[in-house]
Amino acid sequence: MIQDPTIALVMGTPYLSPNPAITALTVLFGVVWTLANFYTFYPLVQALVLAVADRVRGSTDDNGVPAADGGTPIIDVLLAAYDEAAVVEQAVVSVLEANYPADSLRLTVLLEPGDEATHDAVAALRERYDFDVLTVPEGYPGDPNKPRALNYGFEHTDGDVVGVVDAEDVVAPSVFREVAAAIAEGADYAQGRLDMANEGDGWLNLLFRAEYGYWYTLVTPAFARVDYPIPMAGTTCFFCRSVLEAASEARLEQRGDPWDERAWAWMRDHGLAGVRPWDPRNVTEDFELGLFLWELGYDFAYLDAVTTEESPPSLDGWLDQRTRWKKGKVYTFLDRRAHPPATTGDRAHIYWQSALPHLGPLNVAGLVVLLLISNLAEYRPSTLVGVVLSLGATFAVVTSGLFAIGYWRATDAPLWTRTRRALLSTATLPLYWLLQWGADIRALVRLYGGNLSWEHTDHFGRQVASDDGPAERTGRRAGRITLPRYQRWGALVLVLVVAATLRLFALGGWSLWTDELYSVAVRGDLPVWDLLILPNDPHPPLYYLLLHWWMDLVGESRVAVRSLSVLAGLATTVAVYLLGTELFDDRTGLLAAVMVAASTFFIHFSRVARMYALFTFLTAFSWYWYARLRDDTTTSATGYVITTALLVYTHVYGLFVLFAQHVYTSLSEVDGGIRRRRWAGVTAALGVLTLPWAGLLTYRVVGILFGTGGANIEWIPEPSSVLLTQTALSYVGFPDFYPLRAGTTLVYLLASALLFVFVAQLAAAVVRVDETGLTLEDPQSVGQMAALLFVPTLVPLLISLAVPIYVPRYAAPAGVAFVVLAARGLRNIPTERVRFGLLAVVLLSSLAFTGVYYTADSVEPWSTVSTSIEAEAGPDDVVVYQPGGGYVEHYAEGAAVETTTVPYSARITKDDLLYLGNLSARHDTVFLVQYYGEDGPAVRYLDACHGEQSRRALGVITVHRYADRATCPAPGRILNTTGTVSE
């Protein structure tokens, strides 16, 4: 029996047996993850038990700060400030206006030479407030950093207690009285609670606040209660002076003196003793000092007072800060390995806490990689691995829940906002861990290269500023946001609800058509390795890979397999909003999102099990990051490279989208655009990521050009103006999308008239009318969308003059530029009545087209074909497809019937006809299923071989039924009659 080779691939590859290497790695990651969680959860559980026991006994001791008045010891506050001119005032004011006697509270601001802006800001503050200022001399030993500045400031103060506050902080008014009370009760050092107060600046800031809530409201109090080491924060920490002096002596005795005689000579010349409580080589001096003081046996107190900080509003700032933190903690681990604590218990705690910040993110990333490898290897987990993964998943779920609790306790947001953000922090915590893993890699690379420099974190005073939007909304983006946040996001949510309704309505109503069945029953159902490199399919593998996993998760019903495209279609709506907002403004973005939501063009591709919805989403998102490359940030570069690589791995026309970006970059001005060196860098990174597909694509293109193989593109039509017309009409929503036939004359005329409306909007996007007359719209933004609109359409058409490659649906991503420019044109129309009238015309036409679309009939009713054959076929019958694979079997529910294939009529040979004759001799009934069939050699031959024939036309599918076998003629006679060459 002849079978389609792709069908044989589906049936021929079993799951592999458990892999020892994957098993060992999974168990290793699972054990590390389990130990890390036991270490953290043990004090949490113990603290909970002790708290319950205290409540039963009636005790109110919570290991916090006693209420007794501890007197008023002199507190010296050290505030190190470098490049903090924008925020230093808030910290100075909050310290000096705290509820503590002024004669017992002394503030010293530590500055670096050359930082003129901060010097000027501090000088202005000294005109209103009384505090000291020290500039750390360049000759003071060590590299410029915070611990070096603190050591210098320590020797210039003499208070009973020394505290540290960061330059961007706002401390609680009660903090110093709580410190005094804690010291009076016998504490040697104390730490206040920290809170990141700018959660409204984005997802990273939300997770940061949840993380601080988890750490400072749950973990740190529990650690303090069970006498675990406390990794101190870099701010709102206070120490008895004698404790810091003792720590300096102990560190010098334990680890030796890093200073040479020249450094000591400088110290003597300046009357300094060289006391160094903070390790000047460690960029997490706070973390190391907390562990060291615990090791030395000093008593700790946790304060109730809350200091508000701000988290970095950009990914670049977050990465720099995390890299410094993780670099310092790895340094602490290596340093303590070289100079180990005295006891085994101390070593266990110190080593483990130095490694703990890296173990959670590393484990999550490791498990993700292992799961990908396992899926590629078709690996079936063993019972042991299943248990380990289940335990790890349980800990991950518990930790996610604790993050949500921490956020809930930290935030002061309204109830609905608090609930929504708590759920978001829980759901996206693994992504946050993966980012931390990236910071770990950066830290390890820099530490290995000997880079112990201090990555400075920029601050903007967000904890005392309005929570109306992200801090980076300045400069170029200042005019892009015109609506309040609740209006923007509320409108977008409403648009998404409409979009989801239009895409989900009767989603399973039509039969899967040929391309969908190929996605589901052939390539998407292949083992992963075969799926990735199928040689006869021109399309890259990403969509099929996602569909493969999606079907494993939700099944293979029509609704299930199409729902992946629904999700991609909804994501496209959001991505188009972001793109329109980035290039123009938020109102333009919302208008574009509305057009996408209601457009039959975008609705259709969101309702078929093909890659076009994903392709369109990635195009919009890639271009969004491309537009943001002007910001010159790591975030924009990373986002662009990743999304564009995914785009290229989704559809071969992704290369034309990439080419459009190259065209615009080469033609745009450097000033205000993307710097050439930056563009070269992201292009190189993108080239590395897409190299495997580029090699395979080159092989296929060569095969097509020289007739040596490659993908089948014979079905693609010759280039013509008709193709361009079809493309333009599809963009305005003409609801005639194969395999649905809804293109009546009336609908065609309406779509043609609407096209003129859109052309007018496109013109208004380029030239707008204002009080000065005609004005050109922002050429950079319009130019980008023009490149996206024309390059993926016109360039393939030009290539098609040599080798036909253009199909209107392949240019679907250009529809993104079409709606964004149309939305901008609508915004530029000066008369409000005309603007709303045109919008009403567009939306009402779109809804009318959508209604016509829903009433259309499919010309490929494969489910009906399957039902008709199943009702008539018996176990001794055979089904022959001409041409293609066994799509009927996807719907068949009865007994299996033998299936086979023969080529197109133009390719059929004498051997194929002899094969059909043998089938007729061995089977009672032969069903010939022709896709776009004709009365060619196969039909003529089977007609001659049987006395009983019938045919049923179902759209473009014809089902022939043959029974009552007679004597078959010689194949040569049939072939010569049709004019087909027999060999």
Side-chain angles (χ1 to χ4, degrees), residues 72-84 88 91-92 94-96 98 100-116 118-123 125-127 129-167 169 171 176 179-180 183 189 232 234-249 251-252 257-259 262-282 285-286 289 293 454:
T72 55
I74 294 177
I75 300 178
D76 274 313
V77 178
L78 301 178
L79 191 156
Y82 175 72
D83 195 18
E84 302 285 13
V88 68
V92 169
S94 70
V95 169
L96 295 180
Y100 198 76
D103 57 353
S104 297
L105 181 65
R106 301 187 302 210
L107 172 66
T108 301
V109 177
L110 304 168
L111 302 177
E112 297 290 339
D115 184 8
E116 299 300 333
T118 309
H119 277 268
D120 292 343
V122 170
L125 283 171
R126 293 193 73 188
E127 296 177 1
Y129 296 96
D130 182 21
F131 60 92
D132 296 327
V133 177
L134 291 175
T135 299
V136 182
E138 292 183 355
Y140 186 73
D143 296 326
N145 57 28
K146 180 181 175 182
R148 172 176 175 267
L150 293 178
N151 288 333
Y152 181 79
F154 178 79
E155 290 215 65
H156 287 80
T157 59
D158 58 3
D160 306 312
V161 177
V162 177
V164 178
V165 171
D166 280 344
D169 290 347
V171 301
F176 302 111
V179 171
I183 298 298
Y189 63 110
M232 300 288 283
T235 181
T236 322
C237 47
F238 301 88
F239 314 87
C240 291
R241 176 170 293 276
S242 60
V243 169
L244 292 181
E245 291 171 344
S248 176
E249 293 177 4
R251 185 182 289 107
L252 182 63
D257 186 4
W259 287 355
R262 181 178 178 182
W264 278 110
W266 189 96
M267 297 295 291
R268 289 191 296 269
D269 290 344
H270 290 80
L272 299 177
V275 180
R276 287 159 286 173
W278 291 273
D279 185 348
R281 295 165 300 181
N282 195 324
E285 78 296 332
D286 45 2
L289 182 59
L293 294 180
W454 184 281

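A quick note: this is a predicted structure, and the numbers were derived from the prediction, not measured. Heads up: numbering here begins at 1 and tracks the sequence. What you see below is based on every heavy atom in this structure, not just the backbone, and it leaves out hydrogens, waters and symmetry mates.
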Looking only at heavy atoms, the pair that brings Y100 and A180 closest together is OH-CB, 4.0 Å
Checking L289 against R251 for the side-chain contact (heavy atoms from CB on, under 4.5 Å) test, could you report, in this order, the C-alpha distance in whole Å, the side-chain angles of both residues, the deciding distance, and whether it holds?
CA-CA 10 Å; L289 182 59; R251 185 182 289 107; 3.9 Å; yes
May I ask you to test the F176-V161 pair for a side-chain heavy-atom distance under 4.5 Å?
no
Pairwise side-chain contact, F238 with V164, heavy-atom cut-off 4.5 Å (strictly under):
no
Among pairs that include at least one residue of residues 238-248, which meet side-chain hydrogen bond (donor to acceptor under 3.5 Å, both in side chains), considering only residues two or more places apart or in two chains?
T157-R241
Evaluate the criterion side-chain contact (heavy atoms from CB on, under 4.5 Å) for residue pair V92 and V109; output intermediate values, then yes/no.
CA-CA 8 Å; V92 169; V109 177; 4.3 Å; yes
Would you name the heavy atoms of E138 and P113 that are closest together and state the gap between them?
CG-CG, 3.6 Å
Tell me, yes or no, whether the heavy-atom count around D143 atom CG, taken from other residues, nucleotides or ligands under 6.0 Å, exceeds 12.
no
Within 6.0 Å of CZ in R262, more than 12 heavy atoms from elsewhere
no
If you look at every heavy atom in M232 and C237, which pair is closest and at what distance?
CE-CB, 3.4 Å
Any side-chain heavy atom of C240 sitting closer than 4.5 Å to one from D160?
no
Does a side chain donor of either W278 or D286 reach within less than 3.5 Å of an acceptor in the other side chain?
no
Here the gap from R126 atom CZ to D130 atom CG, rounded to the nearest 0.5 Å, amounts to 8.0 Å
Where do A91 and A167 come nearest, in terms of heavy atoms and distance?
CB-O, 3.2 Å
Counting C-beta onward and ignoring hydrogens, is there a side-chain heavy-atom pair between L107 and L78 closer than 4.5 Å?
no
About how many Å separate CG of L96 and CZ of F131, when rounded to the nearest 0.5 Å?
7.0 Å
For the side chain of D166 and the backbone of D169, is there at least one donor-acceptor N/O pair under 3.5 Å apart?
no
May I ask you to check whether over 12 heavy atoms, not counting those of D269, lie within 6.0 Å of atom CG?
yes
Do N145 and Y82 come within less than 4.5 Å of each other through their side chains, counting heavy atoms only?
no
Quick check: do W264 and D257 have side-chain heavy atoms less than 4.5 Å from each other?
yes
F154/D76 under side-chain contact (heavy atoms from CB on, under 4.5 Å): CA gap, chis, key distance, verdict:
CA-CA 9 Å; F154 178 79; D76 274 313; over 6 Å; no
Shortest non-hydrogen contact from A81 toward V88
CB-CG2, 4.4 Å
Is the W266 ring parallel, tilted or perpendicular to the H270 ring (thresholds 30°, 60°)?
parallel
Kindly determine whether R148 and E112 satisfy side-chain contact (heavy atoms from CB on, under 4.5 Å), including the steps that lead there.
CA-CA 11 Å; R148 172 176 175 267; E112 297 290 339; 3.9 Å; yes
How many angstroms lie between CG in L79 and CD in E84, if you round to the nearest 0.5 Å?
9.0 Å
Who pairs with E155 by salt bridge (Lys or Arg N to Asp or Glu O under 4.0 Å), at least two apart in sequence or on another chain?
none
Would you find a donor on one side and an acceptor on the other, under 3.5 Å apart, between the side chain of T135 and the backbone of L111?
no
List for me each residue that meets ring pair (Phe, Tyr, Trp, His ring centres under 6.0 Å) alongside F239, sequence neighbours excluded, and say none if there are none.
none
Is any side-chain heavy atom of I74 less than 4.5 Å from a side-chain heavy atom of R106?
yes
For K146 and G234, the nearest pair of non-hydrogen atoms, with its separation, is NZ-O, 2.6 Å
Check whether any side-chain heavy atom of D279 sits under 4.5 Å from a side-chain heavy atom of P147, and report yes or no.
no
How long is the gap from CD on E285 to CG on L150, to the nearest 0.5 Å?
6.0 Å
